[in-house]
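All residue numbers refer to positions in the sequence shown, counting from 1.
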Amino acid sequence: MGLFELFSRRNGIVEQTDIYIYDIVPIEFRNQFVNIITKIFSDFQYRTITLSSTFWEEVADEVKIEMGLLNYTNLNPSLANMPHDVKCVMSYFLECDDRQAIDIIDLLIHYHHKYAYEHKFYQNDCAIAFNKINQKFKHHSLGYEIVKNQLIRIDNQFIHSEIVIRAINLLVDESFISVSDEFLKAYEHYKQGDYKDAVVNAGKAFESTMKTICSKNGYKYDVQRDTANTLIKHLFDNELIPSYMKNHIQGLKQALENSAHVLRNKNGGHGQGDVIVDVDDSIVRYTLNLCATNIVFLVERYKETK
């Protein structure tokens, strides 16, 4: 008999352990980065050309040193209208490997922040550019974020590594399939800027977690009619959750309901559609992280009380 291969190996299934990727920088993102990071100097080309030229000359020299280059050889014809040093750096950025691309992004962020610190009139343009780049990181599921003058990996943040990734792994390990799907959809909507559906799916994942635990533990409940309030009561009645945590769990339910209500009705009744366009990202992220924290808690309680 030949060597048996598991289904996942035969079908190329890879277990997902994060909602972001870290080792691939797609060409679409690279093109967007080039457009964003070069455009913010366009106004200075006419009134402070010396400052702009000096800046990019310094950047081009530093990239050569850090990347181990003697000179820039392949210049991208699509960048023909850019100043020479800009064209050199960006041509190399478009063709280098993924690790080098991340290093160049980090270097450019450092230099732009340094320039903004030294030239106050540039600070607002720099902040706008960094916000746009952070949006593009999120849209492409790239696990990086610009914080002040530094590029950081999202999985280096305590909440992400200890809560979000832990939730994903717990849901896979315990075969909470429907919960895992809704949980990942919530973050996918968040990355695309669809905040309403992000919160709605987070709420679904929270309810599905409770329903799955009720089913696995044999608690009596109505799969079609029981609301979050009723499901929470089942978990308390069966002592899965300590009674002193009632306000905490109810607080999550209220946060999810209130957030979904605001996101749904912010533009309400005037033909503007359902999705809010000016909500603070931090509020939605807080709601999703709070939901992930509680899902981790419920699944771990289920494991402890089995």
Are Leu69 and Ile105 grouped together when hydrophobic residues (ILVMFWY) are joined by side-chain heavy atoms under 4.5 angstrom apart?
-> yes
Heavy-atom count around Lys191 NZ within 6.0 Å, excluding the residue itself: above 12?
-> yes
Counting N and O atoms only, with roles assigned by atom type, does the side chain of His119 sit under 3.5 Å from a partner on the main chain of Tyr115, one being a donor and the other an acceptor?
-> yes
Are Lys64 and Asp61 close enough that some pair of their side-chain heavy atoms sits under 4.5 Å apart?
-> yes
Min side-chain heavy-atom separation Asp194-Lys196 under 4.5 Å = yes
Taken in chain and number order and not counting sequence neighbours, the residues that satisfy side-chain contact (heavy atoms from CB on, under 4.5 Å) with Ile65 are Glu62
Carefully, step by step, assess Arg99 and Asp23 under the rule salt bridge (charged side-chain N to carboxylate O under 4.0 Å, His left out).
-> CA-CA 7 Å; Arg99 181 188 60 78; Asp23 302 320; over 6 Å; no
Report yes or no: does Ser180 contribute a side-chain atom to a donor-acceptor pair with the main-chain N or O of Phe176 at less than 3.5 Å?
-> no
Can you check whether Ile102's main-chain N or O pairs, donor with acceptor, with Asp106's side chain at less than 3.5 Å?
-> no
Answer yes if Trp56 and Leu107 sit in the same cluster of Ile, Leu, Val, Met, Phe, Trp and Tyr residues linked by side chain heavy atoms under 4.5 Å apart, and no otherwise.
-> yes
Heavy-atom side-chain contact between Val63 and Tyr72 under 4.5 Å | yes
For residues Ile295 and Leu171, determine if any side-chain heavy atom of one lies less than 4.5 Å from a side-chain heavy atom of the other.
-> yes
Exam field: side chain Asn134 to backbone Ile146, donor-acceptor pair closer than 3.5 Å = yes
State whether Asp98 and Arg30 are salt-bridged, where the test is any N-O pair (Lys NZ or Arg NE/NH1/NH2 against Asp/Glu carboxylate O) under 4.0 Å.
-> yes
Can you name the nearest heavy-atom pair linking Ala186 to Ala202, along with the distance?
-> CB-N, 3.6 Å
Nearest-0.5 Å distance that lies between atom CD1 in Ile27 and atom CG in Leu94 = 5.0 Å
What distance separates Ile241 CD1 from Leu298 CG, expressed to the nearest 0.5 Å?
-> 5.0 Å
Before accepting this row, confirm whether a basic side-chain N of the pair Glu207/Lys204 lies closer than 4.0 Å to the acidic partner's carboxylate O.
-> no
Result of checking Asn201, Asp281, Thr287, Asp197 against Tyr190 for side chain to side chain donor-acceptor pair (under 3.5 Å) = Asp281
List the atom of Arg301, the atom of Leu240, and the distance in Å for their closest heavy-atom pair.
-> NE-O, 2.8 Å
Heavy-atom distance under 4.5 Å between the side chains of Cys88 and Leu75, does that happen here?
-> yes
Between Glu145 (side chain) and Ile152 (backbone), is there a donor-acceptor pair under 3.5 Å?
-> no
Over 12 non-hydrogen atoms of neighbours within 6.0 angstrom of CD1 in Ile159 = no
Pairs satisfying ring pair (Phe, Tyr, Trp, His ring centres under 6.0 Å), at least one member in residues 86-106, at least two apart | Phe33-Phe93
Do Ile165 and Val299 belong to the same hydrophobic cluster, where Ile, Leu, Val, Met, Phe, Trp and Tyr are linked whenever their side-chain heavy atoms lie under 4.5 Å apart, directly or via other members?
-> no
Measure the acute angle between the ring planes of Phe183 and Tyr187, then classify it against the limits of 30° and 60° as parallel, tilted or perpendicular.
-> tilted
First locate atom CG of Leu170, then atom CD1 of Ile163, and finally report the distance between them rounded to the nearest 0.5 Å.
-> 10.0 Å
Is the Lys NZ or Arg CZ of Lys216 less than 6.0 Å from the centre of Tyr219's six-membered ring, within 45° of the axis?
-> no
side-chain contact (heavy atoms from CB on, under 4.5 Å) involving Tyr22 - partner list, sequence neighbours excluded = Asp18, Tyr20, Tyr144, Arg153, Ile154, Asp155, His160
Does atom CD of Glu239 have more than 12 heavy-atom neighbours, drawn from other residues, nucleotides or ligands, at distances under 6.0 Å?
-> no
Give the minimum heavy-atom separation between Gln123 and Tyr117, together with the two atoms involved.
-> NE2-CA, 4.1 Å
Are the side chains of Tyr122 and His112 in touch, meaning some heavy atoms are under 4.5 Å apart?
-> yes
Residues 76-84 side chain polar contacts: donor-acceptor under 3.5 Å, at least two apart:
{"residue": "Asn76", "atom": "OD1", "partner": "Ser78", "partner atom": "N", "Å": "2.8"}
{"residue": "Asn76", "atom": "OD1", "partner": "Ser78", "partner atom": "OG", "Å": "3.3"}

Any Leu142 side-chain heavy atom under 4.5 Å of Pro26 side chain | yes
Applying the 4.5 Å side-chain criterion to the ILVMFWY set and letting contacts propagate, would Ile21 and Phe29 be lumped into a single cluster?
-> yes
Would Tyr286 end up clustered with Val147 when hydrophobic side chains under 4.5 Å apart are linked, directly or stepwise?
-> no
Got a sec, which residues hit side-chain contact (heavy atoms from CB on, under 4.5 Å) with Asn35, two or more places apart in sequence or on another chain?
-> none
Separation between CG of Asn217 and OG1 of Thr212, rounded to the nearest 0.5 Å = 11.0 Å
Evaluate the side chain to side chain contact (heavy atoms under 4.5 Å, CB included) criterion for residues Asp97 and Gln100: first the C-alpha distance (whole Å), next the side-chain angles of each, then the deciding distance (0.1 Å), finally the verdict.
-> CA-CA 5 Å; Asp97 67 34; Gln100 291 173 322; 3.2 Å; yes
Criterion side chain to side chain contact (heavy atoms under 4.5 Å, CB included) on Gln150 and His110, from CA distance to verdict | CA-CA 6 Å; Gln150 191 172 19; His110 168 76; over 6 Å; no
How many angstroms lie between atom CD1 of Ile37 and atom CG of Leu108, to the nearest 0.5 angstrom?
-> 6.0 Å
side-chain contact (heavy atoms from CB on, under 4.5 Å) filter on Ser215, not counting sequence neighbours, yields Tyr221
For His113 against Phe130, the heavy-atom pair lying closest together | N-CZ, 4.2 Å
Could you tell me which non-hydrogen atom of Ser141 sits nearest to which non-hydrogen atom of Ile19, and how far apart they are?
-> CB-O, 4.1 Å
Is Asp226 salt-bridged to Lys233, going by a charged N under 4.0 Å from an acidic O?
-> no
Where the side chain of Asp181 meets the backbone of Ile177, is there a donor-acceptor pair that is under 3.5 Å apart?
-> no
Side-chain donor-acceptor pair present, His139, Gln32, cut-off under 3.5 Å = no
NZ of Lys120: more than 12 outside heavy atoms within 6.0 angstrom?
-> yes
Compare all side-chain heavy atoms of Ile104 with those of Met67 and state whether any distance is below 4.5 angstrom.
-> yes
Yes or no on side chain to side chain contact (heavy atoms under 4.5 Å, CB included) for Thr227 and Thr230, after CA distance, side-chain angles and deciding distance?
-> CA-CA 5 Å; Thr227 63; Thr230 309; 3.4 Å; yes
Roughly how far, to the nearest 0.5 Å, is the NZ atom of Lys211 from the CG atom of Leu231?
-> 6.0 Å
Determine, step by step, whether Tyr195 and His189 satisfy the side chain to side chain contact (heavy atoms under 4.5 Å, CB included) criterion, reporting the C-alpha distance in whole Å, the side-chain angles of both residues, the deciding distance to 0.1 Å, and the verdict.
-> CA-CA 7 Å; Tyr195 291 159; His189 286 302; over 6 Å; no
